Number of protein chains: 2
Amino acid sequence: MNSPVLSGGDPALLRRLNTEAVLGVLRNAEPMTLTRIGQAASLSRQTVDAVIAELTEGGWIEEVAPERSIGRPARRYRFRAEAGHVLGLDIGVTGVRLVLADLDGSVIASDRTRIPEGLGGGARLEAVRSGAEGFLARHPGIRPRSLCLGIPGIIDSGGTVRLSTPLPEWNGLDLVGAASTWFDCPAHAENDANLAALAEHWRGAARHADDFIHVIAGHRTGVGMMLGGRLHRGRGGAAGEIGALALLGWEGPSMNDIREAEDSARLFSDAQAGDSDAAGKVDRFARTVAQGVAAMVLTVNPDLVVIGGGLSRAGEAVVGPIRSHLEQLCLDPPQVDASALGVEAVALGAARMALDHLNDALFGAHVGAAAPSAGPQSRRGVTA
Amino acid sequence: MNSPVLSGGDPALLRRLNTEAVLGVLRNAEPMTLTRIGQAASLSRQTVDAVIAELTEGGWIEEVAPERSIGRPARRYRFRAEAGHVLGLDIGVTGVRLVLADLDGSVIASDRTRIPEGLGGGARLEAVRSGAEGFLARHPGIRPRSLCLGIPGIIDSGGTVRLSTPLPEWNGLDLVGAASTWFDCPAHAENDANLAALAEHWRGAARHADDFIHVIAGHRTGVGMMLGGRLHRGRGGAAGEIGALALLGWEGPSMNDIREAEDSARLFSDAQAGDSDAAGKVDRFARTVAQGVAAMVLTVNPDLVVIGGGLSRAGEAVVGPIRSHLEQLCLDPPQVDASALGVEAVALGAARMALDHLNDALFGAHVGAAAPSAGPQSRRGVTA
DNA sequence: GTCACTTACGTAACGGTATCGCATAACTGT
DNA sequence: ACAGTTATGCGATACCGTTACGTAAGTGAC
């Protein structure tokens with residue numbers, strides 16, 4: 001654990017590394033000429049040429065029409081995002097949200113299927129599978145290369161559901177094992193709050209933050225966390241379960257006033273309009289949320305707190321009061337923003353995670369067999 | 001922030017990578033033969049031979065007497081830990097603790113120098129420098145290649161002291177800039193609680209934990225944290241400042257009963273012996289500490305909590321009550337252990353950090369110019 | 001339409017790196 | 001002294017990346 005021994009590599013490693021570099025330049029960018037790719041990746045045009053030939057052969061990139069300019073027209077290549085697709089699933093109690101994305105992460109299609117209530121574990125699993133199958137059937141010719149399921153609960157590193165309060169019938173289920181057999185592609189699974197955080201980091205409110213906490217405020221209260229640009233789960237995936245500290249009141253009446261209101265949006269607008277009863281409830285709610293968030297903020301000192309979940313639809317009406325209370329509780333209060341992705345966050349995050357695994361499987365250079373070297377613990381030095 | 005573009009490499013990168021691999025095998029291990037090094041690093045004997053020749057040339061390794069066995073005796077090489085040294089300094093209010101270590105991290109010498117009270121910022125800095133100079137003078141022929149200072153306070157990423165309550169005269173001081181001129185070697189600086197955590201992870205109570213929280217309980221209460229095997233500082237280095245949440249009572253009377261006792265060790269032994277007044281104080285103290293720790297534990301869900309600082313000298317007498325209270329407050333309580341390194345933890349951690357930076361400067365392979373690729377966010381998948 | 005200019009392409013040569021195969025060296029044990 | 005064992009050292013081969021240079025394919029001016 002202290003000293004990861006990295007193993008050496010042969011010349012082929014270099015090519016893998018450089019392939020990854022070229023691909024990294026080309027994806028999420030305009031079509032480019034060999035020369036410009038070489039400049040961006042610090043490689044000679046020759047090397048880029050060789051890598052490009054391999055990638056074209058494999059169908060990952062393709063040539064596009066050259067731009068007209070002075071001199072001999074340079075070949076241009078673009079990343080073929082359509083060369084592969086991934087499926088992200090957000091599994092809720094009453095339905096499943098599906099997102100089909102290409103290799104760029106662009107959403108090709110999304111949908112929501114309902115799941116009947118009262119289904120047993122096996123029947124529910126089958127309902128999810130057949131719903132996904134129907135969804136995919138509407139997009140002929142597209143087979144996912146990787147999929148990821150987001151569920152409300154704790155999943156262990158083997159892909160088995162350890163504890164899901166909303167879906168107790170799945171406790172102990174080998175979800176990844178089951179889903180791996182569905183569409184002849186690798187499957188992955190992750191807690192939904194973590195996936196929402198991943199999505200917000202990818203293309204949501206946390207695009208510019210590498211340390212942030214994502215609080216889902218809704219019927220359930222869930223927390224996802226990215227630290228150092230990576231999801232932080234903790235031992236057993238229980239990071240962020242601050243609600244367990246009774247002292248902070250996350251399970252008390254001030255939370256339930258809001259969570260159990262049949263029309264919480266109304267409550268927030270009433271409060272803003274001057275209804276003092278509503279305002280009192282909102283303020284107590286915001287204060288309670290802020291207390292729990294403050295404990296987490298003081299612990300990890302993040303750049304940002306994102307408020308998501310159903311209640312975040314109220315926008316500033318809910319975020320504003322939480323922000324005010326948080327500023328009183330923290331020495332160095334972070335930015336507080338509402339979720340930018342709304343209800344699709346979890347499914348998008350699932351697609352992102354499927355994509356990450358796919359990229360790693362397809363193009364991962366794997367320096368040695370070990371983890372990338374951690375390097376020193378800081379950059380706080382200056383050379384004499 | 002979302003997509004680190006890594007740049008390509010030439011064949012020389014391969015050699016750097018393999019040099020690092022060979023060195024990684026050789027250091028902190030018995031002297032080895034070329035063949036065995038090759039097996040350990042997944043390299044051919046030929047390649048190892050070439051790398052070994054370079055490293056011997058540079059003085060980093062040397063040949064030792066072969067082992068006698070059947071067959072032609074194989075050359076054996078060992079890492080020359082004595083080829084470089086680092087200096088770790090633990091700067092306190094009343095004195096400085098110094099540790100001189102070699103490239104293996106073995107402590108060559110340690111010492112403590114006193115600093116007169118009431119010194120101004122400049123005079124205090126000069127006292128630290130001259131103390132270190134005197135210490136080094138007793139070890140002729142040894143010049144540090146890197147040094148690190150641990151101080152009680154927040155340091156920014158440029159090496160300037162941002163906020164130190166115990167040493168207010170250093171606020172705003174460019175500590176790294178100043179220390180870089182002392183011994184013609186790069187200097188680094190870090191918060192002392194973080195360094196203590198680093199040391200416990202290296203060769204202390206947290207050797208087998210990659211996610212842990214280190215609580216320093218003493219006159220001050222400080223927290224250092226490692227998550228994912230790396231120090232976690234947070235934006236502005238304020239991670240772990242849970243004491244700021246008044247609700248948790250870290251600044252209240254139950255803490256001061258113990259902190260301000262002239263003989264706290266006595267208090268713990270009295271409590272264990274049955275003195276009900278002492279026992280009450282200890283229990284209130286433990287409960288208060290546990291409340292703050294619980295907030296952090298529920299936030300990051302670590303593998304381990306280490307209790308260090310002056311009060312941890314009481315061992316189980318203080319750790320036991322904290323553990324009991326923590327078990328009542330957390331769903332999934334982590335292991336709780338006393339510090340294994342005691343008062344030398346900070347200086348040792350400083351030496352470790354100096355060493356990390358030195359290793360990176362000397363042997364860092366630096367795949368491309370960019371950060372190592374993060375890879376997917378989990379390994380929770382199974383291939384279909 | 002021709003010519004100069006510009007930029008990219010494609011081949012060839014070169015150096016660095018790693019690997020495999022094989023003859024040789026060096027030591028142990030009988 | 002000799003067989004057995006293991007490491008060493010040399011040579012050949014293959015892969016990769018870079019530089020150099022002649023050639024191709026456009027644009028723009030006249």
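The model shown is predicted, which means the values in this text are computed figures rather than measured ones. Residue numbering restarts at 1 for every chain, and letters A, B, ... go by the order of the sequence lines.
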**Q** The test is side chain to side chain contact (heavy atoms under 4.5 Å, CB included); show your working for B/Leu87 and B/Phe183 and say whether it passes.
**A** CA-CA 10 Å; B/Leu87 182 62; B/Phe183 307 118; 4.1 Å; yes
**Q** CD of A/Glu67 versus C1' of C/dT7: gap in Å, rounded?
**A** 13 Å
**Q** Test side chain to side chain contact (heavy atoms under 4.5 Å, CB included) on B/Leu358 and B/Leu103 and set out the steps.
**A** CA-CA 9 Å; B/Leu358 180 59; B/Leu103 292 182; 3.6 Å; yes
**Q** Surrounding CZ of A/Arg36 (heavy atoms of other residues, nucleotides or ligands, distance under 6.0 Å), is the total greater than 12?
**A**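 It does not: A/Arg36 CZ has 12 such atoms or fewer within range.
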**Q** Under 4.5 Å between any side-chain heavy atoms of A/Ser69 and A/Glu67, yes or no?
**A**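 A side-chain contact under 4.5 Å is absent here.
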**Q** Hydrogens and angles aside, do B/Asp210 and B/His201 bring a side-chain donor and acceptor to less than 3.5 Å of each other?
**A**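 A donor-acceptor contact under 3.5 Å links the two side chains.
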**Q** In whole angstrom, what separates B/Arg75's CZ from C/dA25's C1'?
**A** 13 Å
**Q** Give me the residues of residues 46-58 of chain B where at least one heavy atom lies under 4.0 Å from an atom of DNA chain C, by number, or none.
**A** B/Gln46, B/Thr47
**Q** In whole angstrom, give the distance that lies between atom CG of B/Asp10 and atom C1' of D/dT19.
**A**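 Rounded to whole Å, this separation is 13 Å.
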**Q** Looking at every heavy atom in both A/Cys185 and A/Leu147, which two are closest together, and how far apart are they?
**A**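 Here A/Cys185 and A/Leu147 meet closest at SG-CD2, 3.9 Å.
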**Q** Rounded to the Å, how far apart are A/Leu14 CG and C/dA18 P?
**A** 10 Å
**Q** Give the rounded distance in Å between these two atoms: CD of A/Glu63 and P of C/dA8.
**A** 14 Å
**Q** Looking at B/Asp49 and B/Arg75, is there a salt bridge between them, counting it only when a charged N and a carboxylate O are closer than 4.0 Å?
**A** yes
**Q** So which protein nitrogen or oxygen atoms get under 3.5 Å of nucleotides 26-30 of chain D's nitrogens or oxygens?
**A**
residue, atom, partner, partner atom, Å
D/dT27, OP1, A/Arg68, NH2, 3.1

**Q** Need to verify one output field. Residue with the more 5' nearest nucleotide on DNA chain D, B/Gly9 or B/Thr35?
**A** B/Thr35
**Q** Which nucleotide in the list D/dT8, D/dT19, C/dC9 gets nearest to the side chain of A/Ala74?
**A**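 Comparing D/dT8, D/dT19, C/dC9 against the side chain of A/Ala74, the answer is C/dC9.
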**Q** Just to confirm, is there a sub-4.0 Å distance from OP1 or OP2 of D/dC16 to any side-chain nitrogen or oxygen of A/Asn18?
**A**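 For D/dC16, OP1/OP2 do not have a side-chain N/O of A/Asn18 under 4.0 Å.
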**Q** For a quick test of reading the model: is some side-chain N or O of B/Arg15 closer than 4.0 Å to OP1 or OP2 of C/dG16?
**A**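 The answer is no; no side-chain N or O of B/Arg15 sits under 4.0 Å from OP1 or OP2.
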**Q** Thinking salt bridges, do B/Arg233 and B/Glu190 make one under a 4.0 Å N-O criterion?
**A** yes
**Q** Rounding to a whole Å, what distance do you find between B/Leu34:CG and C/dT19:P?
**A**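 After rounding, the reported distance stands at 14 Å.
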**Q** Check step by step if side chain to side chain contact (heavy atoms under 4.5 Å, CB included) holds for A/Val48 and A/Arg45.
**A** CA-CA 5 Å; A/Val48 175; A/Arg45 208 196 57 85; 5.6 Å; no
**Q** Calculate the interatomic distance between A/Leu13 atom CG and D/dA14 atom P; express it in whole Å.
**A** 21 Å
**Q** Does A/Arg45 contact D/dG17 through a side-chain donor or acceptor facing the base, at a distance under 3.5 Å?
**A** no
